[in-house]
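Bear in mind the structure is a predicted one, so any value in this text is a computation, not a measurement.
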Amino acid sequence: MKKIIIALILGFSGILSAQNSVSGTVTDNQNQPLPGVSVYAPELHKGTTTDENGKYELKNLPNGSLRIAFSYVGYSNQNKTIAKLTKENTLDVTLLESILEMDEVVVSTPFNKLQSQNVMKIDHESIKTLQQKGTSTLIEGLATIPGVSQISTGTSIGKPVIRGLSGNRVLVYSQGVRIENQQFGDEHGLGLNDAGIESVEVIKGPASLLYGSDALGGVLYFNPEKFADAGTFKANFSQKYFTNTQGSNSSIGLKTSTDNWKFLARGSFNTHSDYKIADGDRVTNSRYNETDFKTGIGYSNSTFSSVFRYNYNKLDIGIPEDGIAEQSSSKDTQFPKQGIFNHLFSLNNVIFFENSKLDVDLGYISNDRSEFEDSNDATLRMKLNTFNYNAKYHFPKFGKIETILGVQGMHQTNTNSGEEYLIPNATTNDFGVFGTANYEWNNSVLQAGLRFDNRNVTSEAHGIVGEEGSFEALDRSFDSFNASLGYKTKLAEPLTLRLNVATGFRAPNLAELTSNGVHEGTNRYEIGNSDLKTEQNVQTDLNLEYKNSHFEFFVNGFYNHINNYIYTSPTGEIRDNNNVFAYIQDNAKLFGGEIGLHFHPHPLDWLHFETSFETVTGKKDNDDYLPLIPANNWNNTLRTEFNIKNWFKEGYASLNVSSTFDQDNVSGFETASKGYTLVNLGFGGTVKLGKTAFDVNLNGNNLFDKKYIAHLSRLKTDGIPNIGRNIVLGVNFNL
């Protein structure tokens with residue numbers, strides 16, 4: 001009976017859908033068929049793979065245009081567009097061998113081009129690649145990308161820094177929805193788990209045109225795990241063990257799809273003891289536990305595609321206030337600690353018309369953050385509920401011009417229920433409208449856009465005026481116009497030039513406008529300023545990229561000028577035994593960039609050498625340095641790839657040497673930091689034993705147990721070093 005019901009449902013779905021289809025053959029440049037090539041239609045969240053003869057077919061497709069991405073390890077990706085689908089379409093593709101990194105479709109920019117076609121330089125990294133580096137958290141992996149670093153509190157809390165900007169200046173997107181989790185606080189981490197995430201895209205520079213306020217410094221855009229290919233069922237289980245923290249990370253997932261319906265679910269649990277520094281002592285109460293669950297369901301037919309996703313994340317985080325004290329390998333957090341519950345709902349809808357489409361993203365985030373000082377009664381509890389919407393209409397292509405008009409908005413409420421208040425009860429409303437166009441000719445692309453935004457912030461009065469924890473009522477409105485202009489061209493066949501000029505803005509957050517009390521995360525008494533103006537910046541980016549089959553070289557340079565940069569400055573006053581800091585504004589500038597190369601010598605097909613250098617300098621107008629600017633870093637990786645007969649496939653071994661330089665360019669209340677060099681080893685591949693196959697990864701991080709303190713560590717002021725040697729063993733079974 002159950003099989004009959006399923007058959008009726010699937011049959012009914014087929015009746016509702018048009019029978020547009022695309023089929024073809026994928027071959028190499030020797031005209032030999034390529035089996036196992038991934039064929040994926042991003043807008044429909046639908047994919048398949050080529051059979052042993054290189055043939056594929058996608059069914060039940062929309063009536064308008066359709067973009068299809070072809071990818072295969074060892075070959076360059078291709079992004080094909082069928083301008084107008086008919087009932088039966090044939091699309092044959094030839095993939096060319098490419099030893100270097102694959103060219104991925106970029107989702108975070110409006111026209112979803114391949115990286116090589118995009119006007120903006122976007123860094124794209126798969127989560128699998130980051131996990132192979134043996135890092136214990138998602139933010140640790142992100143910090144290995146040139147231009148990205150982290151403000152850390154031990155191993156449990158990390159905040160992304162892009163080219164010297166952090167906090168509310170860096171916007172994070174997951175499942176197509178902006179993450180709102182009280183990111184103004186230095187001790188407030190991402191609240192994301194890498195399980196169920198496919199890849200991350202990094203926009204290094206103002207992206208306010210695309211995302212509005214808070215994207216002044218850049219964007220981290222996390223792409224969720226893809227659904228299974230049509231007609232398949234997949235399940236996998238992964239397990240990691242971390243020697244330093246005696247920690248483990250377990251994840252299990254399953255997914256299945258038909259031509260129309262698709263479903264996935266994944267659960268994971270992450271638990272760690274206090275981390276050990278180089279001499280073997282543990283940093284007391286740096287332990288944490290994380291539970292994460294993700295699920296999604298989608299449906300697509302000839303007229304629309306709809307995907308609903310849900311992510312639940314629970315964090316239990318110890319706050320290491322006592323430094324190196326009681327030694328324990330327990331994973332039960334002590335006081336003080338944080339308890340965080342995060343619910344993320346997203347709904348992505350694409351409606352297809354004959355020659356155009358409407359893309360609508362809706363999101364709801366419920367963030368419940370509590371801090372416990374000495375009991376299970378929360379002294380601080382903040383509930384942040386956020387509703388987001390983002391609608392983009394893609395006009396029919398006019399000659400070589402593609403155009404998008406869109407509206408974005410947010411309604412957000414913050415409510416306190418603990419004894420202490422860091423920020424008042426408040427409501428924030430955003431509204432923005434924008435337009436952007438892309439024009440291509442020969443080997444050149446020109447992209448331009450314009451946007452207007454309004455943010456309104458209202459808050460309630462609380463407490464007795466003049467006393468700690470009191471707030472006056474606030475009603476402020478912030479407006480901003482922003483524009484961007486980008487140009488890409490091929491100076492020669494292997495040499496690409498990108499030049500971008502963009503403005504961005506950020507409205508001051510509630511903490512900056514209203515603070516009045518001791519902020520435990522920064523160990524100081526902070527006073528807000530209700531008269532703060534909007535931060536407004538202009539950034540110029542230059543990217544040169546040279547690629548051939550065995551050599552890749554890039555250089556990125558940027559200059560970022562920010563009017564009304566908001567920061568804290570000591571007043572010289574002391575309250576409640578804490579130094580008093582006030583929020584003030586000044587014009588600022590940041591400049592620097594990244595340079596790197598990837599060398600694959602011929603005929604040593606198994607050898608890769610990668611090196612990159614990154615630098616950023618941040619100054620106020622009076623030439624004083626800005627705080628929290630990462631130190632310069634030089635990163636080198638030697639990697640080999642190999643197979644051992646038929647039982648070990650896609651094997652690799654890597655040696656990484658990461659050198660961080662002295663940081664002497666510090667603000668008035670910071671201290672300088674000494675440089676250090678870390679050595680990391682990696683080994684892994686796919687083991688095949690009969691019909692059983694599993695992936696294995698073994699990493700040795702900080703192999704020589706170097707004792708060091710990162711400049712952006714929040715434990716630096718207490719002289720507490722970062723994590724010592726850590727051996728990580730991971731296995732992944734496809735069930």
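In this structure, Ser149 and Leu712 approach most closely via the heavy-atom pair OG-CD1, 4.0 Å. Contact between Ser658 and Asn635 at its shortest, heavy atoms only, is CB-OD1, 3.3 Å. For the pair Leu58 and Gly47, the tightest heavy-atom approach, listed with the atom from each and the gap, is CD2-C, 4.1 Å. The two atoms that bring Val219 and Ala207 nearest to each other are CG2-CB, 3.7 Å, heavy atoms only. The two residues Ser257 and Phe227 have their closest heavy-atom pair at OG-CB, 3.9 Å. For Thr660 against Asn633, the heavy-atom pair with the smallest separation is OG1-ND2, 3.0 Å.
His272 and Phe242 have their aromatic ring centers within a separation under 6.0 angstrom. Aromatic pair Phe554/Phe613: centroids not less than 6.0 angstrom apart. The six-membered or imidazole ring of Tyr173 lies near that of Tyr211, with a centre-to-centre distance under 6.0 Å. Proximity of the aromatic rings of Tyr299 and Trp261 is defined here by a centroid distance below 6.0 angstrom, and this criterion is met.
For Arg639 and Tyr652, the positive end sits near the middle of the six-membered ring, less than 6.0 Å away and at most 45° from its axis. A cation-pi arrangement is absent between Lys688 and Phe648, since the terminal nitrogen or guanidinium carbon is not both under 6.0 Å from the aromatic centre and inside a 45° cone about the axis.
Side-chain N/O atoms of Asp695 and Asn734 include no donor and acceptor closer than 3.5 Å. Judged by distance alone, the side chains of Thr295 and Arg266 never bring a donor and an acceptor atom under 3.5 Å apart. Lys490 and Thr496 share no donor-acceptor pair across their side chains, judged by distance under 3.5 Å alone. Under 3.5 Å, the side chains of Asn726 and Asn244 contain no donor-acceptor pair of N or O atoms. No side-chain donor-acceptor contact under 3.5 Å links Glu140 and Thr135. Between the side chains of Ser659 and Thr677, a donor-acceptor pair is found at a separation under 3.5 Å. Residues Glu650 and Asn643 bring no donor and acceptor atom of their side chains to less than 3.5 Å of each other. Using a 3.5 Å distance cut-off with no hydrogens or angles, the side chains of Asn193 and Glu290 do pair a donor with an acceptor.
In this structure, CG on Leu216 lies 7.5 Å from CZ on Arg169, to the nearest 0.5 angstrom. Distance check: Phe70 CZ to Thr94 OG1 gives 10.5 Å after rounding to the nearest 0.5 Å. Atom CG in Asn702 sits 9.0 Å away from atom CG in Asn722 (nearest 0.5 Å). In this structure, CD1 on Ile252 lies 9.5 Å from OG on Ser250, to the nearest 0.5 angstrom. The line from CG of Leu497 to CG of Asn543 is 7.5 Å long, rounded to the nearest 0.5 Å. To the nearest 0.5 angstrom, Asp194 atom CG is 8.5 Å from Leu130 atom CG.
For Asn29, the CG atom counts as densely surrounded, since its 6.0 Å shell holds more than 12 non-hydrogen atoms of other residues, nucleotides or ligands. Within a 6.0 Å radius of NZ in Lys133, more than 12 heavy atoms belonging to other residues, nucleotides or ligands are found.
No side-chain donor-acceptor contact under 3.5 Å links Asn697 to the backbone of Gly685. No donor-acceptor distance shorter than 3.5 angstrom exists from the side chain of Asp229 to the backbone of Thr232, with no hydrogens or angles considered. The backbone N or O of Glu201 lies less than 3.5 Å from no partner atom in the side chain of Ser108, so there is not a single donor-acceptor pair. When atom types are taken as modelled, the side chain of Asn181 and the backbone of Gly189 share a donor-acceptor pair closer than 3.5 angstrom. Between the side chain of Arg498 and the main chain of Lys488, no donor-acceptor pair closer than 3.5 Å is present. With hydrogens and angles disregarded, no donor-acceptor distance shorter than 3.5 Å links the side chain of Asn349 to the backbone of Ser306.
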task = Show the numbers, then the answer: is there a side chain to side chain donor-acceptor pair (under 3.5 Å) between Asn348 and Asp359?
result = CA-CA 8 Å; Asn348 170 256; Asp359 193 341; 3.2 Å; yes
request  = Could you please spell out the steps behind the salt bridge (Lys or Arg N to Asp or Glu O under 4.0 Å) verdict for Glu198 and Lys128?
outcome  = CA-CA 8 Å; Glu198 185 91 10; Lys128 182 178 180 179; over 6 Å; no
task = Step by step, work out the ring pair (Phe, Tyr, Trp, His ring centres under 6.0 Å) result for Phe733 and Phe694.
result = CA-CA 5 Å; Phe733 291 89; Phe694 60 93; 5.0 Å; yes
request  = Apply salt bridge (Lys or Arg N to Asp or Glu O under 4.0 Å) to Lys46 and Asp259, showing your working.
outcome  = CA-CA 8 Å; Lys46 174 182 287 190; Asp259 278 335; 5.1 Å; no
task = Begin with the C-alpha distance, continue with both residues' side-chain angles, and end with the deciding distance and a verdict on salt bridge (Lys or Arg N to Asp or Glu O under 4.0 Å) for Asp541 and Arg163.
result = CA-CA 12 Å; Asp541 283 273; Arg163 289 177 169 174; 2.7 Å; yes
ask   = What's the verdict on side-chain contact (heavy atoms from CB on, under 4.5 Å) for Val555 and Tyr546, showing C-alpha distance, side-chain angles and the deciding distance?
value = CA-CA 9 Å; Val555 57; Tyr546 179 91; over 6 Å; no
request  = Output, in order, the C-alpha distance, side-chain angles, deciding distance and verdict of side-chain contact (heavy atoms from CB on, under 4.5 Å) for Val93 and Gln78.
outcome  = CA-CA 8 Å; Val93 173; Gln78 289 208 33; 3.9 Å; yes
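By the 4.5 Å heavy-atom criterion applied to side chains, Leu698 and Ile727 are counted as neighbours. Side-chain contact between Thr291 and Asn270: absent, with no pair of heavy atoms (C-beta onward) separated by less than 4.5 Å. With a 4.5 Å cut-off on side-chain heavy atoms, Val22 and Leu61 count as touching. Contact annotation: the side chain of Pro630 approaches that of Val616 to within less than 4.5 Å [non-hydrogen atoms, C-beta and beyond]. In this structure, the side chains of Leu597 and Phe609 come closer than 4.5 Å at one or more pairs of heavy atoms.
The existence of a salt bridge linking Lys55 and Glu57 is excluded, since no basic side-chain nitrogen approaches an acidic carboxylate oxygen closer than 4.0 Å. A salt bridge is defined here as a Lys NZ or Arg NE, NH1 or NH2 lying under 4.0 Å from an Asp or Glu carboxylate O, and Arg178 with Asp214 meets this definition.
Ring geometry for His600 versus His550: interplanar angle under 30°, hence parallel rather than tilted (30 to 60°). Between Phe345 and His343, the angle of the ring planes stays under 30°, which puts this pair in the parallel group of the 30/60° scheme.
Between Thr611 and the choices Thr637, Asn636, Ile595, the side-chain contact (heavy atoms from CB on, under 4.5 Å) rule is met once, by Asn636. Paired with Glu225 under the rule salt bridge (Lys or Arg N to Asp or Glu O under 4.0 Å), one option of Lys262, Lys294, Lys255 passes, and it is Lys255. Each of Leu95, Leu96, Leu34 was checked for a side-chain contact (heavy atoms from CB on, under 4.5 Å) with Asp28, and the lone residue meeting it is Leu34.
Partners of Thr50 according to the side chain to side chain contact (heavy atoms under 4.5 Å, CB included) rule, which considers only residues two or more places apart in sequence or in another chain, are Val26, Val37, Val39, Tyr56.
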